[in-house]
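One structure is given below, encoded as structure tokens.
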Amino acid sequence: MLMHVLIRHRKPMHVFHKKDGGGGRSLLPSRWKSSQPQLDPVDRSDEEGGGDIDWDNLGFGLTPTDYMYVMRCSQEEGGFSRGELARYGNIELSPSSGVLNYGQGLFEGLKAHRRADGPGYMLFRPEENARRMQHGAGRMCMPSPSVEQFVHAVKQTVLANRRWVPPQGKGALYIRPLLIGSGAILGLAPAPEYTFMIYAAPVGTYFKEGMAAINLLVEEEIHRAMPGGTGGVKSISNYAPVLKAQMDARSKGFADVLYLDSVHKRYVEEASSCNLFVVKGGAIATPATEGTILPGVTRRSIIELARDSGYQVEERLVSIDDLISADEVFCTGTAVGITPVSTITYQGTRYEFRAGEDTLSKKLYTTLTSIQMGLAEDKKGWTVTVD
């Protein structure tokens, strides 16, 4: 077997097996399995609190939790059929694995919140993340878990790490599903084996500014995506190429970068890790997802909520002129939530936008987070309870 999980803990490792149906071999070789009796991770992680975390100052960083979920698939097996929870730890890959050599990988991101009206936890539209991964897997020539397998795995990961879910209003448990070509391959071709895994970490706000409005820089030379590429799927290969632009912008005091289309260089697409909305009068516009822009789950939800509130929402080309003449600008994404934009700098000129309590972004933020945390009735059936 070319991949196995290395658990580097001083305590003995306990493995909890959870079948999704069907057969399939365990990802964990026998030499890594504990001789101790199997331990249900839900019981193991039932204690309150996540170590010495300062919940009031929780940023968006990696805090290792207790368990991760692992499921594998080979060409011979034909599909994902078995998953299991294992202690969180490092993984070992062949140097010739598809993900290391050719970037054959996808990831997703979603959050779990503590319920406001009782015990348990809440997920927000996890089936949409599952479908987006399936769409991306088709583009990247990879098999993918079913929607049911994906959601089940997310639930198991939350329950196994539930002591790490922040208190109500202090943050969320960020959940990171990964789908990678773990099998060895030398020539350019799809990998012979794939691994789906999920890990989680407690997080607070994404930007260092917290809930405050952010400052963005329009990037004109580096492009996030191009027509015919993979900008419309959550491929791992989309992100490293924007690091240079992002780091340069942050060194100048900006929170993030806005990218323009690679053909005309005048239409706004998205930021490094979030979608964009512009507000002018009573109309809202967001760049249309036509292959170069990631169709965000939060983006889609905000479009629906705004329309329900009587706003006109257009999915269309948004020019740089539309952007700089807007009354209000905000970003959306699982990690960033709904973040207002204070200023945008383009070709050396700084443009200011409305921010604060009396803005559309604040109204939509309150509506969305109230649904996500169980503070408001979920009339759309978007939330999934985990208990």
Quick check for you: to the nearest 0.5 Å, what is the distance between [X] atom [atom1] and [Y] atom [atom2]?
X: Thr343; Y: Asn215; atom1: OG1; atom2: CG; answer: 3.0 Å
X: Glu315; Y: Arg300; atom1: CD; atom2: CZ; answer: 10.0 Å
X: Thr157; Y: Leu173; atom1: OG1; atom2: CG; answer: 9.0 Å
X: Leu179; Y: Phe150; atom1: CG; atom2: CZ; answer: 10.0 Å
X: Asp256; Y: Glu270; atom1: CG; atom2: CD; answer: 10.0 Å
X: Arg131; Y: Glu128; atom1: CZ; atom2: CD; answer: 5.0 Å

Is the number of heavy atoms from other residues, nucleotides or ligands under 6.0 Å of [X] [atom1] greater than 12?
X: Tyr365; atom1: OH; value: no
X: Asp54; atom1: CG; value: yes
X: Glu352; atom1: CD; value: no
X: Lys380; atom1: NZ; value: yes
X: Lys111; atom1: NZ; value: yes

Ion pair [X]/[Y], N-O distance below 4.0 Å:
X: Glu304; Y: Arg307; value: no
X: Lys379; Y: Asp308; value: no
X: Glu269; Y: Arg224; value: no
X: Asp56; Y: Lys170; value: yes
X: Lys244; Y: Asp248; value: yes

Report yes or no: do [X] and [Y] belong to one cluster of Ile/Leu/Val/Met/Phe/Trp/Tyr joined by side chain heavy-atom distances under 4.5 Å?
X: Tyr121; Y: Trp55; value: yes
X: Phe277; Y: Leu305; value: yes
X: Tyr259; Y: Val318; value: no
X: Tyr351; Y: Leu217; value: no
X: Tyr88; Y: Phe107; value: yes

So do [Y] and [X] actually touch side chain to side chain, heavy atoms under 4.5 Å?
X: Phe124; Y: Thr334; value: no
X: Leu323; Y: Leu276; value: yes
X: Asn275; Y: Thr298; value: no
X: Ser182; Y: Arg72; value: no
X: Tyr206; Y: Cys274; value: no
X: Leu260; Y: Val268; value: yes
X: Met133; Y: Phe196; value: yes
X: Val278; Y: Phe353; value: no

Check whether any side-chain N or O of [X] sits under 3.5 Å from a backbone N or O of [Y] as a donor-acceptor pair, and report yes or no.
X: Gln312; Y: Ala283; result: no
X: Glu84; Y: Met71; result: no
X: Lys280; Y: Asp322; result: no
X: Arg316; Y: Pro287; result: no
X: Thr359; Y: Ala355; result: no
X: Ser235; Y: Ser237; result: yes
X: Gln246; Y: Ser272; result: no

Please determine, by modelled atom types, if [X] and [Y] share a side-chain donor-acceptor pair under 3.5 angstrom.
X: Thr385; Y: Arg115; answer: yes
X: Asn238; Y: Thr230; answer: yes
X: Tyr69; Y: Lys155; answer: no

Can you name the closest pair of heavy atoms from [X] and [Y] and give their distance?
X: Gln104; Y: Ala191; answer: OE1-N, 3.1 Å
X: Tyr199; Y: Leu62; answer: CE1-CD1, 4.1 Å
X: Gly169; Y: Met373; answer: N-SD, 4.3 Å
X: Pro143; Y: Ala137; answer: O-CB, 4.1 Å
X: Pro126; Y: Leu110; answer: CB-CD1, 3.8 Å
X: Pro177; Y: Gly109; answer: CD-N, 4.2 Å

Check against side-chain contact (heavy atoms from CB on, under 4.5 Å), Lys265 and Glu221:
CA-CA 9 Å; Lys265 297 186 178 183; Glu221 299 302 323; 4.3 Å; yes
Answer yes or no for Arg87 and Tyr67: cation-pi contact, defined as NZ/CZ to six-membered ring centre under 6.0 Å and angle to ring axis within 45°.
yes
Please step through side-chain contact (heavy atoms from CB on, under 4.5 Å) for the pair Met122 and Gln372, ending with a clear verdict.
CA-CA 7 Å; Met122 299 187 72; Gln372 290 175 329; over 6 Å; no
Start with the C-alpha gap between Leu123 and Val386, add the side-chain angles, then the distance that decides, and say whether side-chain contact (heavy atoms from CB on, under 4.5 Å) holds.
CA-CA 7 Å; Leu123 302 172; Val386 182; 3.7 Å; yes
Determine whether the aromatic ring centres of Phe80 and Tyr194 lie less than 6.0 Å apart.
no
Output, in order, the C-alpha distance, side-chain angles, deciding distance and verdict of side-chain contact (heavy atoms from CB on, under 4.5 Å) for Leu317 and Asp261.
CA-CA 10 Å; Leu317 292 175; Asp261 75 287; over 6 Å; no
Taking Phe330 as the fixed residue, which of Val336, Leu364, Thr286 is the one that meets the side chain to side chain contact (heavy atoms under 4.5 Å, CB included) rule?
Leu364
